[in-house]
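Reviewing the structure listed below.
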Amino acid sequence: DLGELSRSGCRKLRFLDPEGLGSLQEDAWSQVLDHLGGHPKALELLGGYLRGKPDRARTLLKNFGPAIQTVDRKLAAKHQDRGRSLLIETVLSQVPPERLPTFDRLCLLEEPLPAEELEILLSADGIPDPASDIAWLRDHGLLARKVSPSALAGGDAVHRLLSARPEQQK
């Protein structure tokens with residue numbers, strides 16, 4: 001990869017290509033530099049595309065804006081996904097190994113349950129001190145008090161982001 005040219009290098013490339021890049025009006029040239037930067041191969045490709053048909057520039061530049069907005073939205077979404085993944089990894093790294101079996105079992109629940117019911121289920125599943133685990137998970141933000149639409153009373157449930165984490169993190 002050649003890297004980006006300086007502004008003066010871009011001007012020189014434009015000067016050397018009067019039928020392509022040189023055919024661009026100053027405002028169009030500014031847009032090209034904003035969208036493509038000083039990448040010499042991209043500028044060379046654009047020059048060849050414009051050679052002999054300078055009216056192509058107007059159509060191309062008109063499409064740059066919406067295309068870049070679409071890419072920016074997709075990149076922002078990926079950035080947010082990475083941020084959420086990092087948050088989940090960070091939160092989960094704080095869970096002591098002895099509390100993970102309780103946490104993993106609670107992730108399987110689809111509806112919040114009162115603490116007493118959770119303790120009974122976890123005890124039946126062989127968890128030695130479910131009340132302590134539930135209290136720890138609640139105190140550290142991994143469990144939240146919620147009300148199920150079908151329940152009369154509230155209960156505890158693992159935060160949705162944590163329970164829906166990808167399988168490789170479980």
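Each residue takes its place number in the sequence, starting with 1.
A continuous path of Ile, Leu, Val, Met, Phe, Trp and Tyr side chains, each step under 4.5 Å between heavy atoms, connects L100 with L137, placing both in one hydrophobic cluster. Note: the hydrophobic cluster containing L109 also contains L161 (ILVMFWY, side chain heavy atoms under 4.5 Å, direct or indirect links). Residues L50 and F64 share a single hydrophobic cluster, defined by chaining ILVMFWY side chains whose heavy atoms lie under 4.5 Å apart.
Annotation: side chain of L21 is not in contact with side chain of F15 (no heavy-atom distance under 4.5 Å). Residues R138 and I134 form a side-chain contact, since some pair of their non-hydrogen atoms from C-beta on lies under 4.5 Å apart. Residues L121 and I127 have side chains not in contact (no heavy-atom distance under 4.5 Å, counting atoms from C-beta outward).
The side-chain hydrogen bond (donor to acceptor under 3.5 Å, both in side chains) check on D129 picks up nothing, with sequence neighbours excluded. Under the ring-ring contact (aromatic ring centres under 6.0 Å, His included) criterion, W136 pairs with H140, not counting sequence neighbours. Residues satisfying the side chain to side chain contact (heavy atoms under 4.5 Å, CB included) test with L5, not counting sequence neighbours, are C10, L13, P40. Residues satisfying the side chain to side chain contact (heavy atoms under 4.5 Å, CB included) test with I120, not counting sequence neighbours, are none. Remark: T70 pairs with R73, K74 by the side chain to side chain contact (heavy atoms under 4.5 Å, CB included) rule, at least two apart or across chains. The side-chain hydrogen bond (donor to acceptor under 3.5 Å, both in side chains) check on S93 picks up nothing, with sequence neighbours excluded. Partners of Y49 according to the ring-ring contact (aromatic ring centres under 6.0 Å, His included) rule, which considers only residues two or more places apart in sequence or in another chain, do not exist here. In this structure E117 satisfies the side chain to side chain contact (heavy atoms under 4.5 Å, CB included) test together with L113, P114, sequence neighbours excluded. Judged as a side-chain hydrogen bond (donor to acceptor under 3.5 Å, both in side chains), and not counting sequence neighbours, T59 has no contacts.
One finds the CG atom of L106 at 10.0 Å from the CG atom of L142 (value rounded to the nearest 0.5 Å). For the atom pair D104 CG and S163 OG, the distance stands at 11.0 Å (nearest 0.5 Å). Between atom CZ of residue R105 and atom CG of residue L122 there is a gap of 7.5 Å, rounded to the nearest 0.5 Å. A distance of 10.5 Å separates OG1 in T102 from CD in E119, rounded to the nearest 0.5 Å. A distance of 8.5 Å separates CG in L87 from NE2 in H159, rounded to the nearest 0.5 Å. One distance of note links CG of L143 with CZ of F103; it measures 8.0 Å at 0.5 Å rounding.
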Just do the side chain to side chain contact (heavy atoms under 4.5 Å, CB included) check on S23 and R51 with the steps written out, would you? CA-CA 8 Å; S23 68; R51 224 166 268 123; over 6 Å; no
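Here V71 is tied into one hydrophobic group with L75, each link being a pair of ILVMFWY side chains closer than 4.5 Å.
Residues D156 and A115 come closest through the heavy atom pair OD2-CB, 3.8 Å.
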Pairs of donor and acceptor atoms involving the side chains of residues 76-84, under 3.5 Å and at least two apart or interchain, shall be tabulated with distances.
| unit_1 | atom_1 | unit_2 | atom_2 | d |
| --- | --- | --- | --- | --- |
| D81 | OD1 | R84 | NH2 | 2.5 |

Review item, side-chain donor-acceptor pairs of residues 24-37, under 3.5 Å, at least two apart:
| unit_1 | atom_1 | unit_2 | atom_2 | d |
| --- | --- | --- | --- | --- |
| E26 | OE1 | R14 | NH1 | 3.2 |
| S30 | OG | E26 | O | 3.3 |

